[in-house]
2 protein chains.
Amino acid sequence: MSAKELDITTEEKIKQAAKAVFQKKGFAATRTRDIAEEADINLALLNYYFRSKEKLFGIIMEESLRDFLQSLTSVIGDENTSLSEKIPLIVDRYIAMLLANRNMPMFILSEIHQNPELLVAKFNIKEIMMKSAFVRQFQQAVAAGEIAEMHVFQFLMNIMGLVIFPFMAAPMLKQIGDLQEEQFIALIMERKKLIPLWINAILKKT
Amino acid sequence: MSAKELDITTEEKIKQAAKAVFQKKGFAATRTRDIAEEADINLALLNYYFRSKEKLFGIIMEESLRDFLQSLTSVIGDENTSLSEKIPLIVDRYIAMLLANRNMPMFILSEIHQNPELLVAKFNIKEIMMKSAFVRQFQQAVAAGEIAEMHVFQFLMNIMGLVIFPFMAAPMLKQIGDLQEEQFIALIMERKKLIPLWINAILKKT
DNA sequence: GTCTATATACGGATAGAC
DNA sequence: GTCTATCCGTATATAGAC
């Protein structure tokens, strides 16, 4: 147990446990008893600090979503890097975040899938994304004929799909390929180098 | 209501309803009452025909998994098509299947994520995949220097990620891009044409 | 096979002692 | 703030009439 964990408050202990359990099992399959056990606290304390399972979930979801989006938005908004510099930055940051938080993408996308309203009005992703340096740079590069013609959403889906999908399909991939955890990580680390090259290949004019 | 649905058995009605509800909400969030209501049958009949929620879920999961994998395995096993012919076939078939079954990938990958044992021993995906014409053709092309050096899993993850991810992230993408359903479909139809080109670009030797 | 009524278990939440 | 004991709604499953 690290020093950080020794003098942690009960409230924080519950939040950390809730994050782990919610991200692993999702809202519906999680029992407040699971969280209490994981946090090693009495069940009643959960309601004492957070009132209800729903409220606790809301807090965890908001924090998770913030982390999930920040890996992207912190890069795409930067006016001081070029489009081609941004690509490996996005890939590196996302992969680092996903490696540290293995269940996050499945958690977020699965919960939003079942309840799209979770996303609405919490963050104004639409604004941040569509008015970002990244989108502007991309569209300028298309207009200037420097890269292939392509809708920016297609480009975004490509990056996200190439980076995130392996984490969501990890159990199936491990089964198909008979991969151990370390081999899976090795494939991911290889992707970290390759994805920017692939993205460039895709963007090349034909 | 189509003719097909008119003379359907009660058992089949329950299965179709269960498929719809399970795929949309997942196992834990689904109540047997939801299924009974969707199927327009009495709740007790669900247990009469299928014994338990778990058993019914097992049947739906197995069928879904079969459909999900068949779109892939029916193409990759074909000895009479070349590697480059297989790529658009896989893309077309997967997208057609996903369009008809919008919630399937999230359902399957999410449930397997929570419970990887669901996959084990049901189908021998490992054998079918690894001994397929597709894998052999890919590895031969690499060995012959016709395409860039790449682990076949990386290649598989790329295809799957490019095709499947947009369906899993659909609610988020619609939000970010302020897309209506028809615009989302249009993006997908465009991808159907583009993904094989992108795959070829990725495979090109540098 | 299909219904109503109900048994039973489980999970979220709280009362009240300390 | 933390605990024990418990309430109460809800969900699965079944008994038994038709």
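Within every chain, numbering begins at 1; the chains are lettered A, B, ... in the order of the sequence lines, protein sequences first and strands thereafter.
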Task: A:F165 and its side chain to side chain contact (heavy atoms under 4.5 Å, CB included) partner, picked from B:N158, B:L109, B:L162 - done: B:L109
TODO: Could you check how far CD of B:E37 sits from C1' of D:dT10, rounded to whole Å?
DONE: 15 Å
TODO: When you get a sec, tell me which of D:dT2, D:dT14, C:dG12 is the closest nucleotide to the side chain of A:T32?
DONE: C:dG12
- [ ] May I have the distance from A:F50 (atom CZ) to C:dT14 (atom P), rounded to whole angstrom?
- [x] 15 Å
TODO: Apply the test ring-ring contact (aromatic ring centres under 6.0 Å, His included) to residues A:F57 and A:F50: give CA-CA distance (whole Å), side-chain angles for both, the deciding distance (0.1 Å), then the verdict.
DONE: CA-CA 9 Å; A:F57 175 79; A:F50 296 97; over 10 Å; no
Task: Residue whose closest nucleotide on DNA chain C lies nearer the 5' end, B:Y49 versus A:N47 - done: B:Y49
Open item on the list: Need one value for A:T30: base, sugar-phosphate or nothing, where a base atom within 4.0 Å counts as base even if backbone is also close, heavy atoms only.
Closed with: sugar-phosphate
TODO: Run the salt-bridge test on A:K86 and A:D78 with the 4.0 Å N-O cut-off and return the result as yes or no.
DONE: no
TODO: Return the value, rounded to whole Å, for the distance between atom CG of B:D34 and atom P of D:dT10.
DONE: 14 Å
Task: Nearest-nucleotide comparison on DNA chain D, the residue closer to the 5′ end among A:N42 and B:S52 - done: A:N42
Open item on the list: In this structure, how many angstroms lie between the P atom of C:dA13 and the CD atom of A:E54, rounded?
Closed with: 6 Å
Open item on the list: Under 3.5 Å, is there any donor-acceptor pair linking the side chain of A:R33 to the base of C:dG12?
Closed with: yes
Open item on the list: What's A:E11 touching, base or sugar-phosphate or nothing? Going by heavy atoms closer than 4.0 Å.
Closed with: nothing
TODO: Starting at atom CD1 of B:I14, determine the distance to atom P of C:dG1, rounded to an integer number of angstrom.
DONE: 11 Å
Open item on the list: Students often get this wrong, so: under 4.0 angstrom with heavy atoms, is A:Y48 touching a base, only sugar-phosphate, or nothing?
Closed with: base
Open item on the list: Under 3.5 Å, is there a donor on one side chain and an acceptor on the other for B:Q180 and B:K174?
Closed with: no
- [ ] Using whole Å, report how far CZ of B:R31 lies from C1' of C:dC10.
- [x] 15 Å
- [ ] Would you mind telling me which of D:dA13, C:dC3, D:dC3 lies closest to the side-chain atoms of A:A44?
- [x] D:dC3
- [ ] May I have the distance from A:L45 (atom CG) to C:dG12 (atom C1'), rounded to whole angstrom?
- [x] 15 Å
Open item on the list: Do the side chains of B:R66 and B:E62 get close enough for a salt bridge, i.e. N-O under 4.0 angstrom?
Closed with: yes
- [ ] Could you tell me the separation between the CG atom of B:L46 and the P atom of C:dC3, rounded to a whole number of Å?
- [x] 13 Å
Open item on the list: At less than 4.0 Å, is any side-chain N or O atom of A:R51 found next to OP1 or OP2 of C:dG12? Yes or no.
Closed with: no
